[in-house]
Amino acid sequence: MARPTPLSGFPEWLPEGRVVEQHVLDTLRRTFELHGFAGIETRAVEPLDQLLRKGETSKEIYVLRRLQEQEADEGRGEQAGLGLHFDLTVPFARYVLENAGKLHFPFRRYQIQKVWRGERPQEGRFREFVQADVDVVAAGELPYHYEVELPLVMADAFAALADVGVPPVRILVNNRKVVEGFARGLGLADVDAVLRAVDKLDKVGPDAVADLLRAEAGASAEQAAAMLDLAAVRGDDVVARVRALAERHGARTGAGGDLLDAGLAELGALLDAAATRAPGVITADLKIARGLDYYTGSVYETVLVGHEDLGSICSGGRYDALASDGTTTYPGVGLSIGVSRLVSRLLSAGLVTATRGVPSAVVVAVTSEETRQESEAVAAALRARGIPTEVAPAAAKFGKQIRYADRRGVPFVWFPPTARTAEGADAATGHEVKDIRSGEQVPADPATWTPPAEDLLPRAVPGPAAG
RNA sequence: GUGGCUGUAGCUCAGUAGGUAGAGCACCUGGUUGUGGUCCAGGGGGUCGCGGGUUCGAGUCCCGUCAGCCACCCCA
């Protein structure tokens, strides 16, 4: 093959794109640490039985097999039982159990790593992608206020990305207790089926959801209509509206009613806090259900405003039974940002761009191969003061050396002293530096000259489409 | 994993009824003999995604495969 073909679903960015991704990663890490989360990294593989605890279909997991065993143990190989992790929550639960004795609870951690899923790729959906998770896990009891805090951490992270052109986000919140309590109050027992049906509302519409509720969850026409009423509720003042709906449909009875009240109290507290700490970002949406069945309380989904077609870029929720060693359970709450999904859209839509793809702020021109060492000395002096610098690849005509820098977006070209530039050059050193954007060329001293701060390193900046 | 659309030069695309491949931009060289971006002239570059088949002959038809996009599924 003359040129290798890319692998489907395994995205690779060009250097300019990597600058953008790196800025996102740096910002997330800084925000997470600002909120006191400790960073960890877990191994890429987990035992298959661990990965499958979540109830995923095994086809999504990449199974590891040693090459030597491949032919000899055909059929037996997969029982070796190692697979690449497909999220960071399950490995984290395992990590907590394994290190429970050495961790301090509530344990706050962030984790930014690649994960792998055997899904069919499309735009924003990959087989290998980066997730950035924050979770708080407690030993025994996890207070509700963490379910308030975690989405606000993410809101903070997205706010910190706004100045490079990342659009505003909307974090949609729901509480499983509300939906479950409402459903049970109505007399619907198969809550999982109810959740799955309701979650499809945006995609298939109310009529299809009603059909699903009747077919999958055994709902009557009245029960389905009541669930659809609930799913249509969204906004900031949802508690009173849900309560009224429950009264009207007679759903506020028995254990279901108690669960509903508990859920509404939690959801209300979250929305109150969000209204003051991140106004306009967090809003309730009673149809958010999340497919994953281990969530027990708050659930979150996040959309980029104006890019709702991309799907959720940051999701999560509260879980109570993910980690347990038999005597102690470790309930937690967390969210996960789909970094690759986010970055892929930032790049493809031109929302964020890099000022340049190479770190170099300066290209030092080479007058002749005989004097290359003089240029290297200039570069060394600049690097010693933290200025990324490279030396021109060849002692070509200066026009070509300038063009070399220009193609790469390097803003400055440095000219060491030469006999021909003696006139007009710096009296003490003879060095000159040219800003190739403006064409301005001035005498300069390698020991003291510094580029403007905004030119020192490549930066992520709003792109043409960011407005 | 299922189904649909697409795949020609680095990029965007043309290619007519199957007859040995084109344009613009980009790139390289020179005009400008050591200071780019304009202009002018010239030049290089394609196993037509890959593999197989039909045919005297396939970029053009058929099958497979890979990749990209879309829908489903699922989810970041």
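Below, chains carry the letters A, B, ... as their sequence lines are ordered, and counting in each starts from 1. Everything quoted here is computed from the prediction, not taken from an experiment.
By the 4.0 Å N-to-carboxylate-O rule, R125(A) lies close enough to E119(A) to be salt-bridged with it. Under a 4.0 Å N-O distance rule, the pair D199(A)/R196(A) does not qualify as a salt bridge. Look at E46(A) and R94(A) and you find a salt bridge, because one of the NZ, NE, NH1 or NH2 atoms lies within 4.0 Å of a carboxylate O, short of that distance. Comment: E33(A) does not engage R108(A) in a salt bridge, judged by the lack of any side-chain N to carboxylate O separation of less than 4.0 angstrom. Taking the charged nitrogens against the carboxylate oxygens, D135(A) and R109(A) do have a contact shorter than 4.0 Å, which makes a salt bridge. Using a 4.0 Å cut-off between a side-chain N of Lys or Arg and a carboxylate O of Asp or Glu, D156(A) and R30(A) do not qualify as a salt bridge.
Rounded to whole Å, the C1' atom of rG19(B) lies 45 Å from the corresponding atom of rG37(B). Nucleotides rU55(B) and rC75(B) have their C1' atoms positioned 49 Å apart, rounded to a whole Å. When the C1' atom is used for both rA21(B) and rU16(B), the distance is 14 Å, rounded to whole Å. rG7(B) and rG44(B) are spaced 25 Å apart, taking the C1' atom of each and rounding to whole Å. Nucleotides rG52(B) and rG15(B) place their P atoms 28 Å apart, quoted to the nearest Å. Distance noted for atom P between rU12(B) and rG49(B): 14 Å (whole Å). rC11(B) and rG45(B) are spaced 14 Å apart, taking the C1' atom of each and rounding to whole Å. The P atoms of rG10(B) and rC48(B) are separated by 12 Å, rounded to the nearest whole Å.
Between the CZ atom of R196(A) and the C1' atom of rC75(B) there is a distance of 15 Å, given to the nearest Å. In this entry the distance linking CD of E12(A) with P of rG68(B) reads 11 Å, nearest Å. Atom CZ in F86(A) sits about 19 Å away from atom P in rC73(B), given to the nearest Å. If you measure from atom CZ of R125(A) to atom C1' of rA76(B), you get 10 Å, rounded to the nearest angstrom. Between the C1' atom of rA76(B) and the CG atom of L88(A) lies a distance of 10 Å, rounded to the nearest Å. Going from atom CD1 of I313(A) over to atom P of rC74(B) covers 22 Å, rounded to whole Å. Here rA76(B) presents its P atom at 10 Å from CG of L335(A), a figure rounded to the nearest Å. Across the protein-nucleic acid pair, L342(A) atom CG and rC75(B) atom P stand 20 Å apart, rounded to whole Å.
In this structure, R117(A) forms no cation-pi arrangement with F129(A), as its terminal cationic atom is not both closer than 6.0 Å to the ring centre and no more than 45° off the ring axis.
Side-chain atoms of F415(A) lie closest to rU35(B) of the nucleotides rC70(B), rA76(B), rU35(B).
Here K200(A) lies in heavy-atom contact (under 4.0 Å) with sugar-phosphate atoms only. Counting non-hydrogen atoms under 4.0 angstrom, G316(A) reaches nothing in the nucleic acid. Contact annotation for Q122(A): base contact, defined as any heavy-atom pair under 4.0 Å involving a base atom. Note on F126(A): a base of the nucleic acid sits closer than 4.0 angstrom, heavy atoms only. Counting non-hydrogen atoms under 4.0 angstrom, V363(A) reaches nothing in the nucleic acid. Contact annotation for G124(A): base contact, defined as any heavy-atom pair under 4.0 Å involving a base atom. Within the nucleic acid shown, I436(A) comes within 4.0 Å of at least one base atom, counting heavy atoms only.
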Provide a list of protein-nucleic acid N or O atom pairs under 3.5 angstrom, restricted to nucleotides 3-7 of chain B.
residue : atom : partner : partner atom : Å
rG3(B)  : O6   : R120(A) : NH2          : 3.2

Distances for protein N or O near nucleotides 29-32 of chain B N or O, under 3.5 Å:
residue : atom : partner : partner atom : Å
rU29(B) : OP1  : K400(A) : NZ           : 2.5

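A donor-acceptor contact shorter than 3.5 Å is absent between the side chain of D133(A) and the backbone of Q111(A).
Within 3.5 Å, a donor on the side chain of D406(A) pairs with an acceptor on the base of rG36(B), or the reverse. Taking 3.5 Å as the limit, the base of rU35(B) and the side chain of Q441(A) contain a donor-acceptor pair of atoms between them.
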Parsed dot-bracket for RNA chain B after applying the Watson-Crick and G-U rules with both distances under 3.5 Å and | for other-strand partners is (((((((..((((.....[..)))).(((((.......))))).....(((((..]....))))))))))))....

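Residue E21(A) forms a side-chain contact (heavy atoms from CB on, under 4.5 Å) with just one option from V24(A), L25(A), V19(A), and that option is L25(A).
For Y110(A) and F32(A), the distance between ring centers is under 6.0 angstrom.
Take W116(A) and apply the ring-ring contact (aromatic ring centres under 6.0 Å, His included) test, not counting sequence neighbours, and it matches H85(A). Annotation: salt bridge (charged side-chain N to carboxylate O under 4.0 Å, His left out) contacts of D207(A) (sequence neighbours excluded): none.
The nearest heavy atom of RNA chain B to S312(A) and to G439(A) marks one nucleotide each, and the one closer to the 5' end goes with G439(A). Nearer the 5' end of RNA chain B, as judged by each residue's closest nucleotide, is the contact made by I402(A), out of F10(A) and I402(A).
The aromatic ring of F129(A) is stacked on the base of rA76(B), with the two ring centres less than 5.5 Å apart and the planes inclined by under 30°.
Around the CZ atom of R234(A), the shell of radius 6.0 Å holds no more than 12 heavy atoms that belong to other residues, nucleotides or ligands.
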Enumerate, atom names and distances included, each donor-acceptor pair closer than 3.5 Å involving a side-chain atom of residues 408-417 of chain A, sequence neighbours excluded.
residue : atom : partner : partner atom : Å
R408(A) : NH1  : Y404(A) : O            : 3.2
W414(A) : NE1  : H431(A) : ND1          : 3.0

